[in-house]
Amino acid sequence: MYTKCQVFTPNNYVHELLDSVSYTEHLYGLKLLENSCGDGNILKEVVRRYIIDAIKQGYSKRQIVTGLESDIYGYEIDKKHYNKCIDNLNQIAMQFNLPNIRWSIFNQDYLFSNVEIKYDYIIGNPPYLNYSEIDKSNRFNLKEKFETCRLGKFDYCYAFIEKSLTELNERGKFSYLVPGSIFKTVFGKALRDKIKCNLVAIKDYKCLDIFNGALVKSVIIILDNSYNKEVINYIDISNKIQFDIEKKSLQEKWIFSKYKSISTKRFGDYFKVSNTIATLYNKAFVIKNIDLEKYKYVINNIKLEESLIKPAYSPKSLRYGKREFIIFPYLIKRGKIIRMTEIEFQERFPGIRNYLTLYEDKLLSRDRDKSCKWFEYGRSQALGLVNKEKLLISTIITNTVLVYSLKRQDIPYSGLIITKLSNSGLSLSIAKKILQSRDFFNYVRSIGVPLNGNSVRITSKDIENFTFREI
Ligand SMILES: C[S@@+](CC[C@H](N)C(=O)[O-])C[C@H]1O[C@@H](n2cnc3c(N)ncnc32)[C@H](O)[C@@H]1O
């Protein structure tokens, strides 16, 4: 599990982490912890600064060795990296002719370690592992021990932040390189509540690829236990802007914006944003790369009944102009979706039934809603929205917001659907304009969960909570 997170900090960010909490001079006697030290990329610079400063302050060699042993602490769970770290630190010490140091670096799991020390500095780049990457037994133990991991799908780094904060002394300073998603994810709320009070600054590297291709966007968070002002200094490194943000304005998701919204109309009061239908086995239902009309609805020598075949759409198929079809195993009567019994389905649509039988095993083993029959979609969600005019938008936004208009008979099978509320008073073409506006794009960039490249992920709630100006 740990090899996934062994991505070490490049040198310029090491300097940034240390400078952010002024780990620069008068360091002798101050205790520092690096709780997931890997090969020691951060500790090497810590040790170098410590020795140079101690020499400058006039400490003797013997005093400096004692200081290194009792002021600098580290943890690394992986024996191989632990050994490398010790070698690296010895090399730095030898440059100053300081041999035989008994380093306080431990080859242990930091999260379950018990050392009764309060630190002046905790500096690091902890392991990031998402919930699915954490072993089951570890997940259980972390949920038991850490408040920030108690709810839902936490990231492994939450536990490192929480434990660090309990080990800082009352003037302690903390500088940590963490994933930008901690400000946006639903399950990061408890963590955000914990860090808010003493948070001094956020350095956001959102457009920079710190780890050379690793799929995370990172930020440095800087906390100081002696800081309790009502503002956080937000620094957008990529765009070279900075401003103060009122802590009380940071609620569920943290949005970093200089401007206060003057808009009053909430998108969700006019339009409904929902997930698309979910077949839970698209391979059986969605027909790609075959022009069914051209082949008179014959596939695998089976003639499909045309009335249950609809045009199918996903943000991807629309972007690439691909024509796709979907089997829609329901009847539509006076605008309402009607479910068939198995006998009715067999008698009226023998071709489609035979075709779906090719996938029967897979269809039966789907984790489907209890009431769904084997030949139906796995979830009954969004069926009511199918026979309406709608817009389709992707949950992943990159450089522009692409919004597609779909007709009643069109079936979107991935992305988010936007339909009009009955009392809306605004048309779908207005909704499209709103979603393609600069304001919406900026909002999405500030609220979405950062992904690899330049993309963010948004949810239906994010879109419904957008407030817009008169159109
Ligand atoms: C992202 S790397 C960072 C290493 C170092 N801090 C740096 O910036 O170069 C995270 C390191 O944490 C280690 N690690 C993972 N879980 C740990 C745990 N519970 N206790 C201590 N170290 C751990 C990994 O083996 C890995 O070397």
Side-chain angles (χ1 to χ4, degrees), residues 1-21 23 32-49 72-89 91-92 103-115 117 119 121-131 133-146 148-149 154-164 166-167 174-182 203 205 209-222:
M1 143 180 158
Y2 303 112
T3 45
K4 276 208 151 185
C5 62
Q6 287 167 343
V7 183
F8 302 130
T9 312
N11 226 2
N12 49 333
Y13 294 97
V14 169
H15 284 280
E16 194 68 47
L17 281 164
L18 295 176
D19 293 346
S20 295
V21 284
Y23 192 80
L32 176 143
L33 168 69
E34 213 288 43
N35 46 27
S36 56
C37 56
D39 289 354
N41 278 11
I42 299 174
L43 282 181
K44 281 189 294 181
E45 179 59 19
V46 166
V47 166
R48 206 184 59 81
R49 289 187 182 198
I72 295 172
Y73 293 79
Y75 285 84
E76 170 54 52
I77 203 163
D78 184 320
K79 182 86 178 157
K80 191 175 92 214
H81 291 292
Y82 164 81
N83 287 337
K84 186 94 204 285
C85 176
I86 298 288
D87 282 351
N88 284 335
L89 298 188
Q91 273 183 34
I92 301 278
W103 298 103
S104 299
I105 313 289
F106 308 105
N107 177 212
Q108 281 177 21
D109 182 337
Y110 165 69
L111 295 175
F112 294 92
S113 66
N114 287 315
V115 175
I117 296 177
Y119 299 94
Y121 297 96
I122 299 184
I123 296 176
N125 163 20
Y128 314 165
L129 288 173
N130 65 38
Y131 191 72
E133 294 168 330
I134 306 171
D135 303 341
K136 285 217 168 90
S137 63
N138 242 315
R139 278 186 209 164
F140 178 81
N141 294 337
L142 293 168
K143 273 188 188 290
E144 282 243 307
K145 179 155 184 188
F146 297 101
T148 55
C149 302
F154 60 89
D155 191 290
Y156 194 47
C157 76
Y158 296 3
F160 278 80
I161 301 174
E162 179 174 337
K163 185 160 162 67
S164 298
T166 63
E167 294 181 351
F174 174 79
S175 175
Y176 233 40
L177 190 61
V178 292
S181 57
I182 68 161
K203 293 186 177 173
Y205 296 89
D209 204 356
I210 296 186
F211 297 115
N212 242 338
L215 306 181
V216 267
K217 292 286 150 189
S218 300
V219 297
I220 292 180
I221 52 173
I222 299 143

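When a ligand or atom number is given, it counts from 1 through the structure's own listing order.
A heavy-atom separation below 4.0 Å is not found between H81 and ligand 1. Residue-ligand proximity: G124 is placed with every non-hydrogen atom at 4.0 Å or more from ligand 1. Residue-ligand proximity: F112 is placed with every non-hydrogen atom at 4.0 Å or more from ligand 1.
Checked by distance only, ligand 1 and E34 come closer than 3.5 Å through their nitrogen or oxygen atoms. Taking any N or O of I77, backbone or side chain, at least one lies under 3.5 Å from an N or O belonging to ligand 1.
Close contacts of ligand 1 with I42, meaning ligand atoms under 4.0 Å from a residue heavy atom, involve 8 (O). Those atoms of ligand 1 that come under 4.0 Å of a heavy atom in N41, given as number and element, are 9 (O). Ligand-side atoms of ligand 1 in range of Y156: 16 (N), 17 (C), 18 (C), 19 (N), range being under 4.0 angstrom from any heavy atom. Under a 4.0 Å criterion applied to the non-hydrogen atoms of P126, ligand 1 contributes the atoms 1 (C). Below 4.0 Å from some heavy atom of G38 lie the following atoms of ligand 1, by number and element: 4 (C), 27 (O). Contact atoms of ligand 1 toward Q108: 20 (N), 21 (C) (distance under 4.0 Å to a heavy atom of the residue). Close approach to D109 involves these atoms of ligand 1, each under 4.0 Å from a residue heavy atom: 18 (C), 19 (N), 20 (N).
Residue contacts with ligand 1, taken as heavy atom pairs separated by less than 4.0 Å, do not involve L177 at all. Looking at Y176 against ligand 1, nothing comes within 4.0 Å, counting heavy atoms.
Classified by interplanar angle (parallel below 30°, tilted 30° to 60°, perpendicular above 60°), the ring pair F154/Y131 is perpendicular.
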